[in-house]
Participant: 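For reference, the structure I am asking about is given below.
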2 protein chains.
Amino acid sequence: MFRTILIYGVALAVLIFVLKFIEYRFLVRDLSLEFYLGVVAVLFTVVGIWTGNRLTRKKIAPGSDTPFEIDEQTLRSFGISKREHEVLALMALGFSNQEIADKLFVSLNTVKTHSSNLFLKLDVKRRTQAIQRAKELRLIP
Amino acid sequence: MFRTILIYGVALAVLIFVLKFIEYRFLVRDLSLEFYLGVVAVLFTVVGIWTGNRLTRKKIAPGSDTPFEIDEQTLRSFGISKREHEVLALMALGFSNQEIADKLFVSLNTVKTHSSNLFLKLDVKRRTQAIQRAKELRLIP
DNA sequence: AGTTCATTCATACTTTCGGGTGAAGGATGG
DNA sequence: CCATCCTTCACCCGAAAGTATGAATGAACT
């Protein structure tokens with residue numbers, strides 16, 4: 001922030017010097033106020049855009065890692081239960097229904113029931129779509 | 001873009017009016033050039049930052065967080081052909097083999113062949129795993 | 001006590017996937 | 001010209017996934 005203000009100050013000083021220099025060098029003493037304002041406006045708009053980008057990049061860069069949090073609100077709004085969410089998560093990791101059943105210590109039929117309900121709630125027809133949708137909705141990493 | 005330029009023009013005009021108004025109203029005829037420049041610089045820096053953010057937001061939002069480029073090197077190192085990559089991409093969007101076949105104007109059998117070869121090359125057993133793996137390897141968005 | 005809901009499981013049936021194999025046409029490159 | 005690879009397609013078969021329906025249990029809430 002300090003550095004930014006410093007840059008602005010220096011830029012402004014340099015600009016004034018340049019303008020004064022131009023003014024005296026060409027002996028055009030009556031360069032209009034509008035001209036100065038126009039030049040300064042354009043220049044500092046550019047500066048603003050530039051620094052604006054830098055600032056937002058700094059905000060975005062650390063967030064790009066996406067710490068990730070499951071969107072509990074959306075989860076509830078879709079009426080997805082804990083167990084269904086577990087099945088969904090394992091699904092997204094590429095496990096088969098049988099593998100999911102083994103991991104959760106339930107039967108294959110149970111996993112099928114959960115996944116079917118899941119597809120209804122997510123309004124999809126296949127597990128691949130469910131995974132897509134769930135990731136969009138930030139229900140899974 | 002047009003609108004942006006227009007906004008700048010209007011803002012500049014308004015600013016000049018305001019400054020002139022202040023100048024005459026208080027009969028302070030010798031407000032220094034530096035003062036004008038400073039005010040304009042600060043104002044347009046703010047405008048620049050604001051518009052800069054708007055512009056970059058538009059660039060960031062559709063491209064999500066990651067600009068994303070498919071890793072052609074990896075693609076070749078895995079010996080994945082164009083057609084196979086197309087199938088992979090559609091797979092990742094949640095389409096069934098039949099839907100992919102329709103989209104690519106080929107038979108279901110052809111899509112099966114491509115996907116089977118894909119699974120071999122990616123060393124996976126299911127399409128969900130293939131999608132996972134392909135995303136990790138940046139073969140698809 | 002009764003209702004609601006999550007969880008569990010089953011049976012039966014259909015659809016989709018995936019593996020294995022073979023084969024034909026076309027493009028590429030030695 | 002021949003080898004190789006890509007692309008296309010076919011058939012068969014088994015495995016996995018998904019649909020439909022029903023039902024039992026237990027926790028939670030009213």
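Sequence lines set the chain letters: A, B, ... in the order given, protein chains first and strands last, and positions in each chain run from 1. Note that this is a predicted model, so its numbers are computed, not measured.
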Participant: With sequence neighbours excluded, what pairs up with B/Ser116 under the side-chain hydrogen bond (donor to acceptor under 3.5 Å, both in side chains) test?
Facilitator: none
Participant: Can you give me the closest heavy-atom contact between A/Leu88 and A/Ala134, atom names plus distance?
Facilitator: CD2-CB, 3.7 Å
Participant: Applying side chain to side chain contact (heavy atoms under 4.5 Å, CB included), can you list everything that pairs with A/Lys135, at least two apart in sequence or on another chain?
Facilitator: A/Ile131, A/Ile140, B/Gln132
Participant: Counting only non-hydrogen atoms, which of residues 123-137 of chain A are less than 4.0 Å from DNA chain C?
Facilitator: A/Arg126
Participant: Could you give the distance from CD (B/Gln73) to CG (B/Leu139), rounded to the nearest 0.5 Å?
Facilitator: 11.5 Å
Participant: Who passes side-chain hydrogen bond (donor to acceptor under 3.5 Å, both in side chains) against A/Asp102, sequence neighbours left out?
Facilitator: A/Gln98
Participant: Would you say B/Arg126 and A/Glu99 make side-chain contact, with heavy atoms under 4.5 Å?
Facilitator: yes
Participant: Under the salt bridge (Lys or Arg N to Asp or Glu O under 4.0 Å) rule, what pairs show up with a residue in residues 108-123 of chain A, not counting sequence neighbours?
Facilitator: A/Glu84-A/Lys121
Participant: Restricting to nitrogen or oxygen on both sides, can you table the protein-nucleotides 25-30 of chain D pairs closer than 3.5 Å?
Facilitator:
none

Participant: Mind grabbing the angle between the end helix axes of the helix from C/dA1-D/dT30 to C/dG30-D/dC1? Five pairs an end, 10° rounding.
Facilitator: 50°
Participant: Work out which heavy atom in B/Arg127 is nearest to a heavy atom in B/Phe95; give both atom names and the distance.
Facilitator: NH1-O, 3.0 Å
Participant: By a strict heavy-atom criterion of less than 4.0 Å, which residues belonging to residues 73-91 of chain A are in contact with DNA chain D?
Facilitator: none
Participant: Find the distance B/Gln98:CD to C/dT14:C1' and express it as a whole number of Å.
Facilitator: 15 Å
Participant: Between B/Leu104 and B/Leu90, is the side-chain contact (heavy atoms from CB on, under 4.5 Å) condition met? List the steps.
Facilitator: CA-CA 10 Å; B/Leu104 297 182; B/Leu90 291 173; 4.0 Å; yes
Participant: The criterion is side-chain hydrogen bond (donor to acceptor under 3.5 Å, both in side chains); which residues satisfy it with B/Thr128, sequence neighbours excluded?
Facilitator: none
Participant: In residues 100-117 of chain B, which ones come under 4.0 Å of DNA chain D, going by heavy atoms?
Facilitator: B/Val106, B/Ser107, B/Asn109, B/Thr110, B/Thr113, B/His114
Participant: Has B/Asn97 got a side-chain N or O lying under 4.0 Å from the OP1 or OP2 atom of C/dC17?
Facilitator: yes
Participant: Distance check needed: D/dG18 P versus A/Leu122 CG, whole Å only.
Facilitator: 12 Å
Participant: Can you tell me how far P of D/dT19 sits from CG of A/Leu118, to the nearest Å?
Facilitator: 11 Å
Participant: Indicate yes or no for a side-chain donor-acceptor contact from B/Gln129 to the backbone of B/Lys125 under 3.5 Å, with no hydrogens or angles considered.
Facilitator: yes
Participant: Sort me out a list of protein N/O and nucleotides 25-28 of chain C N/O pairs below 3.5 Å, or just none if empty.
Facilitator:
none

Participant: Is the shortest side-chain heavy-atom distance between B/Arg138 and B/Thr74 below 4.5 Å?
Facilitator: no
Participant: Indicate if A/Val87 and A/Leu137 have the same hydrophobic cluster label, given that clusters are the connected sets of ILVMFWY residues with side-chain heavy-atom separations under 4.5 angstrom.
Facilitator: yes
Participant: Quick one: does B/Lys82's side chain get under 4.5 Å of B/His85's, heavy atoms only?
Facilitator: no
Participant: For a 4.5 angstrom cut-off between non-hydrogen side-chain atoms, does B/Ile80 reach B/Leu122?
Facilitator: yes
Participant: What residues, two or more places apart in sequence or in another chain, satisfy side-chain hydrogen bond (donor to acceptor under 3.5 Å, both in side chains) together with A/Glu72?
Facilitator: none
Participant: Do B/Leu118 and B/His114 come within less than 4.5 Å of each other through their side chains, counting heavy atoms only?
Facilitator: no
Participant: Between atom CZ of B/Arg76 and atom OG of B/Ser81, what is the distance when rounded to the nearest 0.5 Å?
Facilitator: 13.0 Å
